[in-house]
Amino acid sequence: MQWQVQTFADLDTLTLYSMLQLRVDVFVVEQNCPYPELDDKDLHPQTRHIILKKGDKVIAYSRVLAPDVSFPGFPGIGRVCVSQTARRLGLGRVLMDKTLEVAKQYWPDMDIHISAQCYLQQFYQESGFESASEPYLEDDIPHLKMIKPVSRKL
């Protein structure tokens, strides 16, 4: 297993298919939440896709978004997920560390914003994120805006 960091243009079709399959499995099927998974943010030339594959299957994934793609003036992180078969192996924490490393590489002097599902608040706090809003509904799932200040270490 090896981490890959790629732009959309660099993704091969098999990796793209597996990446989208994982995201649909987690965010649409598992969470019973029909929403537009394909949001054009993947296509942005500065979006970085963080991928961990086992064989041909993507088992962990996230994306780092450039400032203004999701959050006005700030970079963001989204679609953080680990396949059901790979959970409880500590990959979520490793994925988040790798994702933050990539975000810092491209935008070292900027706070990082996320829209986190409320039940994952503690997980993100352990990576240095702070709550920045009251809970709100996004696709009928309670979310919370969270920010990782540039001054906070991993």
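Trp3 and Val58 sit in two unconnected hydrophobic clusters of ILVMFWY residues. Membership requires side-chain heavy atoms under 4.5 Å apart, directly or through other members. In terms of hydrophobic clustering, with Ile, Leu, Val, Met, Phe, Trp and Tyr side chains grouped at heavy-atom distances under 4.5 Å, Val94 and Leu89 are assigned to a common cluster. When hydrophobic clusters are built by joining Ile, Leu, Val, Met, Phe, Trp and Tyr residues whose side-chain heavy atoms come closer than 4.5 Å, directly or via intermediates, Val24 is grouped together with Leu16. Put simply, Phe129 and Val102 are part of the same group of oily side chains (I, L, V, M, F, W, Y) that touch within less than 4.5 Å, one to the next. Hydrophobic cluster membership differs between Val26 and Leu91, with clusters built from Ile, Leu, Val, Met, Phe, Trp and Tyr side chains linked at under 4.5 angstrom.
His49 places none of its side-chain heavy atoms less than 4.5 Å from the side chain of Val5. Side-chain contact between Gln84 and Asp25 is absent, with no heavy-atom pair separated by less than 4.5 Å. A 4.5 Å side-chain heavy-atom check between Leu11 and Ile51 finds at least one atom pair inside the cut-off. Contact annotation: the side chain of Ile147 never approaches that of Ile112 to less than 4.5 Å [non-hydrogen atoms, C-beta and beyond]. A heavy-atom distance below 4.5 Å is found between the side chains of Pro67 and Trp107. Counting heavy atoms from C-beta on, the side chains of Lys148 and Ser127 never come closer than 4.5 Å. Side-chain contact between Leu52 and Leu95 is absent, with no heavy atoms from C-beta onward closer than 4.5 Å. Counting only heavy atoms from C-beta outward, the side chains of Ile77 and Leu65 never approach each other to under 4.5 Å.
With no hydrogens or angles considered, no side-chain donor-acceptor pair links Lys57 and Ser83 at under 3.5 Å. For the residue pair Gln117/Glu138, the side-chain donor-acceptor check at 3.5 Å is not satisfied. Side chains of Tyr124 and Gln122: no donor on one and acceptor on the other come within 3.5 Å.
Between atom NE2 of residue His143 and atom CD1 of residue Ile114 there is a gap of 9.5 Å, rounded to the nearest 0.5 Å. Distance CZ/Arg87 to SG/Cys81: 8.0 Å, rounded to 0.5 Å. We find the CG-SG distance between Leu144 and Cys118 to be 5.0 Å, quoted to the nearest 0.5 Å. Here the straight-line distance linking atom CE of Met146 with atom CG of Leu120 works out to 9.5 Å at 0.5 Å rounding.
Checked against salt bridge (Lys or Arg N to Asp or Glu O under 4.0 Å), Asp42 has the following partners two or more places apart in sequence or in another chain: Arg23, Arg63. Taking the ring pair (Phe, Tyr, Trp, His ring centres under 6.0 Å) definition, one finds that Phe27 meets it with nothing, sequence neighbours left out.
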Does the salt bridge (Lys or Arg N to Asp or Glu O under 4.0 Å) test come out yes or no for Glu134 and Lys145, once each step is laid out? CA-CA 8 Å; Glu134 293 297 318; Lys145 180 177 181 179; over 6 Å; no
Carefully, step by step, assess Met96 and Arg93 under the rule side-chain contact (heavy atoms from CB on, under 4.5 Å). CA-CA 5 Å; Met96 183 50 59; Arg93 176 66 44 223; 4.2 Å; yes
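When all heavy atoms of Ala60 and Leu22 are compared, the pair lying nearest together is N-CD2, 4.0 Å. Closest of all the heavy-atom pairs between Tyr136 and Ser115 is OH-OG, 2.5 Å. Heavy atoms only, all atoms of each residue included: Met110 and Gly73 are closest at CE-O, 2.9 Å.
Counted within 6.0 Å of OH on Tyr35, heavy atoms from surrounding residues, nucleotides or ligands total more than 12; the atom is thus considered enclosed. Taking a 6.0 Å sphere around CG of Asp12, one finds it holds more than 12 heavy atoms contributed by other residues, nucleotides or ligands.
Arg48 forms no cation-pi arrangement with Phe8, by the criterion of a distance under 6.0 Å to the ring centre and an angle within 45° of the ring axis. Cation-pi geometry between Arg79 and Tyr61 is not met: the NZ or CZ atom fails to fall both under 6.0 Å from the ring centre and inside 45° of the normal.
Lys104 and Glu101 are not joined by a salt bridge, as no carboxylate oxygen comes within less than 4.0 angstrom of a charged side-chain nitrogen.
Side-chain atoms of Asp139 never come within 3.5 Å of backbone atoms of Ile141 as a donor-acceptor pair (strictly under, hydrogens ignored). For the pair Thr99 (side chain) and Ser62 (backbone), a donor-acceptor distance under 3.5 Å is absent.
Just one of Thr47, Asp40, Asp39 meets the side-chain contact (heavy atoms from CB on, under 4.5 Å) condition when paired with Leu43; it is Asp40.
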